[in-house]
Enquirer: 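Attaching a single structure in C-alpha cells format; questions to follow.
Sequence lines set the chain letters: A, B, ... in the order given, protein chains first and strands last, and positions in each chain run from 1.
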2 protein chains.
Amino acid sequence: MSPSPLVKASTLIELNAVIVAMANGKPCLLTASDLALPSGPFETGHRTLEQGLRSWARVKAQQTLGYVEQLYTFADRDRDRTAREQRAVSIGYLALVYQAPHNMDDHWSSWYLHFPWEDHRDGVPTLTTKIIIPALTAWKNAAPDAAAKRERHERIAIAFPANPRHWNEELVLQRYELLWEAGLVSEAGKKKNNLGLAMPFDHRRIVATAMARLRAKIKYRPVVFELMPPAFTLLQLQNTVEALAGLRLHKQNFRRLVEAQGLVEETGAITSGASGRPAKLFAFRRKVLQERAAVGTKLPRTS
Amino acid sequence: MSPSPLVKASTLIELNAVIVAMANGKPCLLTASDLALPSGPFETGHRTLEQGLRSWARVKAQQTLGYVEQLYTFADRDRDRTAREQRAVSIGYLALVYQAPHNMDDHWSSWYLHFPWEDHRDGVPTLTTKIIIPALTAWKNAAPDAAAKRERHERIAIAFPANPRHWNEELVLQRYELLWEAGLVSEAGKKKNNLGLAMPFDHRRIVATAMARLRAKIKYRPVVFELMPPAFTLLQLQNTVEALAGLRLHKQNFRRLVEAQGLVEETGAITSGASGRPAKLFAFRRKVLQERAAVGTKLPRTS
DNA sequence: CCTATTTATACTCATATTGAGTATATTAGT
DNA sequence: ACTAATATACTCAATATGAGTATAAATAGG
C-alpha cells in the first residue's frame with residue numbers, strides 16, 4: 001500500500017477490491033494475512049480505474065477478475081487513523097471470481113466470520129438474540145434525549161426486526177453502521193466489544209457495502225453464475241444464492257423462478273454417486289445477458 | 001475548476017454534481033453558462049465527500065441540497081482532453097432539489113435538450129426513427145467482421161428496440177455510449193455529427209449516469225417527492241414521474257400504486273380554478289422513509 | 001430383492017399484483 | 001341544461017407468488 005512513485009500527491013488514490021469466490025459452499029473474501037482487503041495505488045499508466053484494478057489483480061493476486069463493479073468512493077478524514085495527514089481516497093470495487101487458485105499467502109476468509117449476524121439460514125442466530133439485541137437495547141436507553149431514543153428505536157427495529165419474517169437481508173451496511181455507533185464492532189485496538197472478526201482500517205465497512213450490493217443485485221441481474229462452475233445442479237445454484245443472501249429459500253419456487261426466467265438450459269448430463277435421485281446438470285444461458293438487459297419495470301406504463 | 005491551494009497534487013479530486021430540479025414541468029440541470037456541470041475541488045477541510053459537496057453547493061451555487069447520492073468515480077486518462085498530464089479523478093454526485101432560487105448566472109437546462117432521444121412521452125421521437133436508427137444501421141454494417149456486426153446489432157436492438165413496448169427507459173448510459181461509439185454525439189469541436197446539445201468534457205456522460213440512476217430509483221424508493229412541493233395533486237406527481245422516466249403512465253393504475261404503497265396522505269385541501277373536477281391535494285408521508293427501508297424481496301423465501 | 005431414506009421434479013391452488021379498461025363524480029364554461 | 005375536462009372509483013382477466021402435495025429415481029441396509 002505504498003504510494004506509487006508516479007503519484008507524488010498528498011491525495012493518494014487507492015483501489016480496494018472485495019474479491020468474492022465460493023469455497024466449500026461459503027462465500028469467501030480474498031484477504032492478506034492480516035485480513036486486509038487487497039488494495040493498491042491507482043497508477044497513471046492505467047487507462048481507466050477498472051483496468052487499473054484488473055491489471056493489478058492479475059499481477060498481485062494472480063486473479064483474473066470476471067465480473068467487476070464499482071462500489072463506492074470513500075474519503076472520510078478519519079478513515080485511516082494511522083495516517084493523519086496523508087488523506088486517502090479509496091475507491092471500492094466488488095469482483096466475483098470462480099474458484100480462485102490458492103496461493104500460499106492468500107487467505108480466503110468466509111464473510112460470515114466477519115458478519116456472523118448476517119446468516120439467517122438456520123434462523124435468527126443466537127448471537128443476535130443473546131448479545132446484539134440486549135446491547136442495542138441498552139444503547140437505545142442510554143440515548144441523551146427522547147428524540148434520539150425514538151430514532152434509535154426505529155433503526156434497531158428495521159435493522160434487527162423482532163419478527164424474523166421482516167428480516168431484510170440487504171441492510172448489511174445499515175446494520176454494520178448501527179453496531180459501530182453502538183460500539184459493538186470497534187475495529188481498533190481493544191479486542192473486547194467486537195462482534196465478528198475485525199478487519200484493518202475501514203475494510204469491514206467496505207465489505208458490508210459489497211455484501212449489500214451483491215445481495216441486492218442477485219435479485220435482478222444474473223450475477224450468481226459468475227460464481228458457479230460451467231455446469232451445476234439447481235440445488236447447487238440454490239445453495240449459492242442462499243449462502244449469499246443468508247436466507248433459506250423455497251426449493252420448488254426457486255426452481256420455477258429460474259426456469260421461468262430462462263436463466264439456464266439443460267446440458268443433458270446428470271449427476272451420479274450421491275444419495276437420492278440424480279439431478280440434471282444445467283448451464284447458464286449466456287444469451288440472457290443480452291435479452292434481459294431489459295428487465296421488468298414497476299411503473300404502470302401505458303402500451 | 002482551478003485546483004484548490006490545499007491540494008497540491010498531480011492527482012486532482014474533483015466533485016461533479018448533477019443537480020436536478022423540476023422547472024415548468026421539465027427535469028432540469030443546474031449548469032454554468034458554458035453548460036458545464038457545477039464542479040469543484042475536494043478540500044481537505046471537509047470531513048467527508050458528501051459534506052464537501054454540500055458546503056460547496058451552499059456557497060457556490062446557493063443551493064441547499066436535499067437528497068444527495070454518489071454516482072460514480074471516473075478516472076479515465078482521456079477524460080479531459082484539455083489537461084493532458086493533470087489527471088483528474090472525478091466523483092459524480094446526483095442531487096435533487098425543490099424549486100431552486102434562480103441566480104443570474106445559473107442556467108437550468110432541460111435534460112431532454114441534451115438527450116432528445118430519451119423522451120418517449122409522445123411516442124418514439126422522429127429523431128430516433130429518421131436519424132438515429134439509419135445512422136446506427138450504417139455503423140453496424142461498417143463493422144470490421146461478422147462477429148462485431150452481430151454484436152453491434154444486438155446492442156442496437158436492446159438500446160433502441162424496434163418494438164416501442166420493449167423500450168427500456170433505464171438504459172440511458174448504454175444508449176449514450178452506443179451513440180458515442182457510432183460517432184453521433186461527439187462532444188469535441190466539430191459541431192456536425194452531434195445529436196442533442198453537447199456539454200463540456202465528459203459531463204454529458206455523467207448526466208447520462210445520473211438519469212439512469214434516477215430512472216431506476218424512482219421505482220423502488222420514494223425519491224420523486226424531493227422534487228415536489230409540500231402539497232401536490234396526484235396528477236402533478238404523475239407528470240413529474242412521467243417527465244423523469246420519459247414515459248406515459250396509466251393514470252388509474254398510477255394512483256392505485258401510490259395509494260396502495262401508502263406514499264401519500266390527504267392534506268384536506270383541494271385545488272380550484274382549473275377546469276375539470278378539483279383534485280385533492282396530497283403530501284408525502286415521511287414515515288415511509290423508515291417503514292419502507294424494508295422493501296419487497298424477489299427471492300422465494302421460506303417462512 | 002425389498003424397503004426406507006434421500007433427493008429431484010411435477011403439479012395444485014389460494015391469494016396478491018398487474019394491465020387495461022369502464023363507470024361515475026365534480027367542476028367551469030356556454 | 002348541456003358539454004368539455006378532469007378526478008376518482010370500480011371491474012375483470014391475466015400473471016405472479018407463497019405454500020404446499022404428489023410422484024419419480026436414485027442409494028443404503030437388511
Enquirer: Are OP1 or OP2 of C:dT18 and a side-chain N or O of A:Lys298 less than 4.0 angstrom apart?
Expert: yes
Enquirer: Mapping B:Leu235 and B:Asn253 to their closest nucleotides on DNA chain D, which lands nearer the 5' end?
Expert: B:Leu235
Enquirer: Grab the NE2-P distance between A:His250 and C:dT7 for me, whole Å please.
Expert: 17 Å
Enquirer: Salt bridge check, A:Glu118 against A:Arg215: does any charged N sit closer than 4.0 Å to a carboxylate O?
Expert: yes
Enquirer: What is the distance, to the nearest angstrom, from the CG atom on A:Asn239 to the P atom on C:dT7?
Expert: 11 Å
Enquirer: Could you tell me how the ring of B:Phe225 sits relative to the ring of B:Phe232: parallel (under 30°), tilted (30 to 60°) or perpendicular (over 60°)?
Expert: tilted
Enquirer: Which atom names give the shortest non-hydrogen contact between B:Trp117 and B:Gly196, and what distance separates them?
Expert: CZ3-N, 4.4 Å
Enquirer: Return the residues of residues 271-281 of chain B meeting this criterion: a heavy atom under 4.0 Å from some atom of DNA chain D. Order them by number, or give none.
Expert: B:Ser275, B:Gly276, B:Arg277, B:Pro278, B:Ala279, B:Lys280
Enquirer: Give a yes or no on whether B:His153 atom NE2 has more than 12 heavy-atom contacts from other residues, nucleotides or ligands under 6.0 Å away.
Expert: no
Enquirer: Please give, in whole Å, the distance from C:dA8 C1' to A:Glu259 CD?
Expert: 11 Å
Enquirer: Could you check whether A:Glu169 pairs with A:Lys219 (Lys NZ or Arg NE/NH1/NH2 to Asp/Glu carboxylate O, under 4.0 Å)?
Expert: yes
Enquirer: Considering heavy-atom distances to DNA chain D, does A:Ile270 or A:Arg165 have its closest nucleotide positioned more toward the 5' end?
Expert: A:Arg165
Enquirer: Can a donor-acceptor pair be found, under 3.5 Å and without considering hydrogens, that links the side chain of B:Gln236 to the backbone of B:Thr233?
Expert: yes
Enquirer: Please determine whether the number of non-hydrogen atoms from other residues, nucleotides or ligands lying under 6.0 Å from atom CG of B:Asn163 exceeds 12.
Expert: yes
Enquirer: To the nearest angstrom, how far is B:Lys219 atom NZ from C:dT18 atom P?
Expert: 13 Å
Enquirer: Regarding B:Arg256, tell me which of base, sugar-phosphate or nothing describes its non-hydrogen contacts under 4.0 Å with the strands shown.
Expert: base
Enquirer: Measuring to OP1 and OP2 of C:dT9, would you say a side-chain N or O of A:Lys251 lies under 4.0 angstrom away?
Expert: no
Enquirer: Calculate the interatomic distance between B:Gln252 atom CD and C:dA20 atom P; express it in whole Å.
Expert: 12 Å
Enquirer: What do you reckon, is NZ of B:Lys217 surrounded by more than 12 foreign heavy atoms closer than 6.0 Å?
Expert: yes
Enquirer: Using modelled atom types and a 3.5 Å cut-off, is there a donor and acceptor pairing between side-chain atoms of B:Glu242 and backbone atoms of B:Leu249?
Expert: yes
Enquirer: Can you give me the first and the last nucleotide of DNA chain D (5' to 3') that has an atom within less than 4.0 angstrom of a non-hydrogen atom in chain B?
Expert: D:dA5 to D:dA19
